[in-house]
4 protein chains.
Amino acid sequence: MRFASDNWAGVAAPVMAALQRANEGWAPAYGADALTAAVKQRFGELFGREVEVFLVATGGAANALALAALTPPWGMVVCHAESHIQMDECGGPEMFTGGAKLLPVQAPAGKLNPEAVATALRGFPQRPPHGCPPAVLSLTEATECGTVYTPDEVGALCALAREHGLRVHMDGARFANAVAALGCHPADLTWRAGVDVLCFGGTKNGAMAAEAVVFFDPALARDFAFRRKRAGHLWSKYRFLAAQFEALLEDGLWLRLAGHANAMARRLAAGLGALPGLRQVYPCEVNELFVVFPEGVAEALRERGATFYPWVTPGDATGGRTQRLICSFATTEAQVDDFVRQVRECIDAR
Amino acid sequence: MRFASDNWAGVAAPVMAALQRANEGWAPAYGADALTAAVKQRFGELFGREVEVFLVATGGAANALALAALTPPWGMVVCHAESHIQMDECGGPEMFTGGAKLLPVQAPAGKLNPEAVATALRGFPQRPPHGCPPAVLSLTEATECGTVYTPDEVGALCALAREHGLRVHMDGARFANAVAALGCHPADLTWRAGVDVLCFGGTKNGAMAAEAVVFFDPALARDFAFRRKRAGHLWSKYRFLAAQFEALLEDGLWLRLAGHANAMARRLAAGLGALPGLRQVYPCEVNELFVVFPEGVAEALRERGATFYPWVTPGDATGGRTQRLICSFATTEAQVDDFVRQVRECIDAR
Amino acid sequence: MRFASDNWAGVAAPVMAALQRANEGWAPAYGADALTAAVKQRFGELFGREVEVFLVATGGAANALALAALTPPWGMVVCHAESHIQMDECGGPEMFTGGAKLLPVQAPAGKLNPEAVATALRGFPQRPPHGCPPAVLSLTEATECGTVYTPDEVGALCALAREHGLRVHMDGARFANAVAALGCHPADLTWRAGVDVLCFGGTKNGAMAAEAVVFFDPALARDFAFRRKRAGHLWSKYRFLAAQFEALLEDGLWLRLAGHANAMARRLAAGLGALPGLRQVYPCEVNELFVVFPEGVAEALRERGATFYPWVTPGDATGGRTQRLICSFATTEAQVDDFVRQVRECIDAR
Amino acid sequence: MRFASDNWAGVAAPVMAALQRANEGWAPAYGADALTAAVKQRFGELFGREVEVFLVATGGAANALALAALTPPWGMVVCHAESHIQMDECGGPEMFTGGAKLLPVQAPAGKLNPEAVATALRGFPQRPPHGCPPAVLSLTEATECGTVYTPDEVGALCALAREHGLRVHMDGARFANAVAALGCHPADLTWRAGVDVLCFGGTKNGAMAAEAVVFFDPALARDFAFRRKRAGHLWSKYRFLAAQFEALLEDGLWLRLAGHANAMARRLAAGLGALPGLRQVYPCEVNELFVVFPEGVAEALRERGATFYPWVTPGDATGGRTQRLICSFATTEAQVDDFVRQVRECIDAR
């Protein structure tokens, strides 16, 4: 009955084991250790090219630091109106960039599209130095609405960004879920499509607290070490960040965990889809489901102890009635089935 | 043929005379002089209550400093999508507030309305500490589209703001034009309606470089002296800022100058309104006119030396064909009539 | 031979065990879990009063966020010229405070004293709004030079701070070592002496990545949740921060670990003190030792694989020849004795 | 009897005349006018090379914006402990740079010297990313203590800066007084000696409110237009900033005005030097005099209506008894002589 968020789950067993293994003897602080070097190399292998990788503990830090590397303080970050950087980070991107402006763009199902972005840019003409010059296009993969961009869709948006001189940031808090769902190579969703920086999420996918900022253009990473340090995001015992990714990247664990979460959400969607009067708001493409329950059912479920959050955003067209259900690596089939059963009971009891 | 902006005009003669008068002997620096005290008192008389007044040289400084006094760095400023603070100040509000987020809201003719604001707030639910809490409602009077809020309209928006715990900022770069157009008492448009801080513009209305930040609630002004100083906006020879307002506030000069500019715009609207194929985009309520010329006419006018700017914003529904024409205190009837004549010629020549 | 830093050690076994225990089932994210509540209560018991406690992963974050709660962006933070916030955090305090000024004050052995602070304040007269008004006195306990303030010394500095209207911040990255060394009650070193906010370090004392910002005046903590969130320092799986302090505060583990580190440093000091030509720069009061080795010995030790850092700061009077040796909870007597033996050999071999 | 500051004087007549002249007809806003172009060319001629020039209204803005162009937000600005940017701008440099650290260095008579700077840099070793990397050396010419750097002295400091990879900023609020005193070419004190950016003061030297930020390396000026705009320091009626410098640079007016102020200070020094019991604290090299009056005399003078400020800074060795006397372009011989006479009377009356 725990569908509040993928961050209500704990740490996947192999990640915890890696933390234990890393806890041997001494290691140089601040990332000068061997494990960190090995993990960086793993990321290079994963993406099939040289990358610069910086580890931090939270997605908010990863996004804000990455954006700060891409825009001057007076630049503009074009993003979805319902993106995490716009709605959920308490102004972190504005703080870390030194005051950059986020330009929220509305588009269906949490997904930006070239038309919407082009219209937004047209409406904000560049008349230096009066308006903020657009500097970054930020995409979220998978989106906040549980949908995914295909490699082609990412490519088309990046091409538009390039035309306008924008860099591309990808908030990949659920990147693993997107790759698992699409079955594509991670490179196809990122640098091959034109993405400059990826925030590769670990925390929602079985890590304790670990996110990787992956730069595909090392030149952009030049100042990152300073930015991370002054923001208090450089761990002294850095090897314990590295260990989490060591585990996730070992034998594709990251994809197995995400794939499982996706499968649980599909099972949930299938189970709920068979029930009367229940509306699914967005397609279920990764590990999230957005539904409108019949009147009174959400309340009844919460009384029974179920946990999930209402989903109210600028794009809401359900009068605030949408509920978000999230599955994680730790969700079981039994939990899903039990929840479906209880929803059915609550509907029947009306 | 100069309709590019009211800031292409120079300094009104009485303002220049006041600058001359102020240039006598020594005076304490940084606003400790007698003229500054007198001007502050004038503002109090004008608004019929005690006020705190701080003078700066630009409207961008006035707005950014005023907003910084109203919102914490993680707060949100609700504003029109086409407002000056959103589109024309290169991120100044974000810089001075320490990273506050501007939430752009679209509404017709540059004017916010309670429904649009309420919808925007509903779409950005407060879940502290995740989203930026809304902190300020910013109104522009007169608006960027040359329209005005009536006292009742301001009052309704302020009431909504109060309900949600927001402070109200008024960008009054063309406040004089609004008051002159509405014929109301300046208090009716501001503190009596619920406005907390007014940026009272001088520069577009015949000053050289002078704007007054007027706090109706002195408690909000507590830190302002520090904010202004560190931003480099405290003049050492402050009396020369005060002198400009001394002249403007003397015998209602500010209203006469603005009223003249308004009258010239009305004359322009009347003259152009009689021409075929020309569309007026927004009602002409102050000193600005927004028109779509027949195909080719804008270009032909520019070839003849006319100056005016295209008006492209998020709310544009004319495919980028709107042109903005602004009159100032210095615009003459002859200039207006000559321009109308030339427009007619260009239309006829098509 | 590992004396580079206390953060080269790993995680103390009871802390790792607590992380394992915390990894059971689901828990609400962002600190709404039961373990977090329990740990907050523990801190209250430890300090014998109500406190507000916020956990973050790094000392840099703890300090910068705490300072931001105490000073306006234009305020001044009086600190030791060799303090961590001045020398080692890459401008984090300046960033998080929105631009506050650090006023470095020199005084012997890393310890501020009332005379030095009073002189610094006298030399920076308040002429609002021209100079930055002093807002915070920051003390480091134990100091960067491995010395400690007694409760009376803290009290005298806090009294001076109060006279001048300053709040008091304590950087307690090695607070445990200070308390263990002084044998006093933690309250005596903090709120009873006048400290407003303590950054209580866990990481250098056996945690993986955990620091507690402890507010003794809850009113000062009002905005902290927002500040932490926007800085990306709010963990979603917050219980894993709490678990680390659960272990440290259980049965006085924090004092036992710190006491051990202190004892190892004393043993090191005693062992090296018996050697010829070796000079101890500061008194060894906690877990750090600062020495000048005879010519060539530091190099010889490094060739043998020993790790320790040179200590060069504004207060250095040894021409850059001081070396810093740090012991941790994980340092063993055998390691100390072996190092002493090798130093002796290197000296003898000259 | 007005010796409080050079900014208590008004506007020099030729500057006021230029403002009047500039007030003719329309002109493009924001510096796109012909007068601005002409003034920029004048600056190029004055310095004998291509320069980029940006005009703002205050010295605080000029300094803060110039520094922001030279240092990253995590960089360090080495400056004199008594410099204006450290003591008098309320944290403006910290704000505009996005949080850079000022490292105050003490040295006699307000003048940095290579030894003092080298010592300061040695005490702040670069261990990226831990400490703030030094990025800028800031010199004040003439200094806050009324002394001057010779071209050779500037050159030696710039050479040291270059060795350490620092850019050089010159706060020239009283640059005119320094050039007038030294009789050198302005290029010799600036770019030929290695200065990157000069803040060329106008306000203290007869302007109303005008300072020029002069970049000798145009590459450094790349982002300046954005920085100035977002800080609210781009005047719309920019020609009125340009006009002030048009007047100052015409026929060497800037040097004549400064030379007169210097001469008045020398006359004051000579007059007071003949009086018993009066101590001059620093050599009188430009238009400022720092004296310790005999006990009770400062108070007696103030009772007679004289205005001057006490001078209390970190370097004060007079127990707070130093008084600062400043002459301006508007100071007359009669005023000086009258003041000397009154000082004599006050001394005699003791």
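Residue numbers start from 1 in every chain, and the chains themselves are labelled A, B, ... in the order their sequence lines are given, proteins ahead of strands.
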Q: Spell out the residues in residues 49-70 of chain C that have some non-hydrogen atom less than 4.5 Å away from a non-hydrogen atom of chain B, in order of number; otherwise answer 'none'.
A: none

List, one per line, each side-chain donor-acceptor pair under 3.5 Å for residues 95-102 of chain C, sequence neighbours excluded.
from: C/Thr97; atom 1: OG1; to: C/Pro93; atom 2: O; distance (Å): 2.6
from: C/Thr97; atom 1: OG1; to: C/Glu94; atom 2: O; distance (Å): 3.2
from: C/Thr97; atom 1: OG1; to: C/Gly99; atom 2: N; distance (Å): 3.4
from: C/Thr97; atom 1: OG1; to: C/Ala100; atom 2: N; distance (Å): 2.9
from: C/Lys101; atom 1: NZ; to: D/Gln86; atom 2: O; distance (Å): 3.4
from: C/Lys101; atom 1: NZ; to: D/Gln86; atom 2: OE1; distance (Å): 2.9
from: C/Lys101; atom 1: NZ; to: D/Glu94; atom 2: OE2; distance (Å): 2.6

Q. Mind checking which of residues 221-242 of chain B sit less than 4.5 Å from chain C, heavy atom to heavy atom?
A. B/Asp223, B/Ala225, B/Phe226, B/Arg227, B/Lys229, B/Arg230, B/Leu234

Identify each donor-acceptor pair in which a side-chain atom of residues 210-217 of chain B lies under 3.5 Å from a protein atom, sequence neighbours left out, and give them as a table.
from: B/Glu211; atom 1: OE2; to: B/Gly202; atom 2: N; distance (Å): 3.4
from: B/Glu211; atom 1: OE2; to: B/Thr203; atom 2: N; distance (Å): 3.0
from: B/Glu211; atom 1: OE2; to: B/Thr203; atom 2: OG1; distance (Å): 2.6
from: B/Asp217; atom 1: OD1; to: B/Ala219; atom 2: N; distance (Å): 3.0

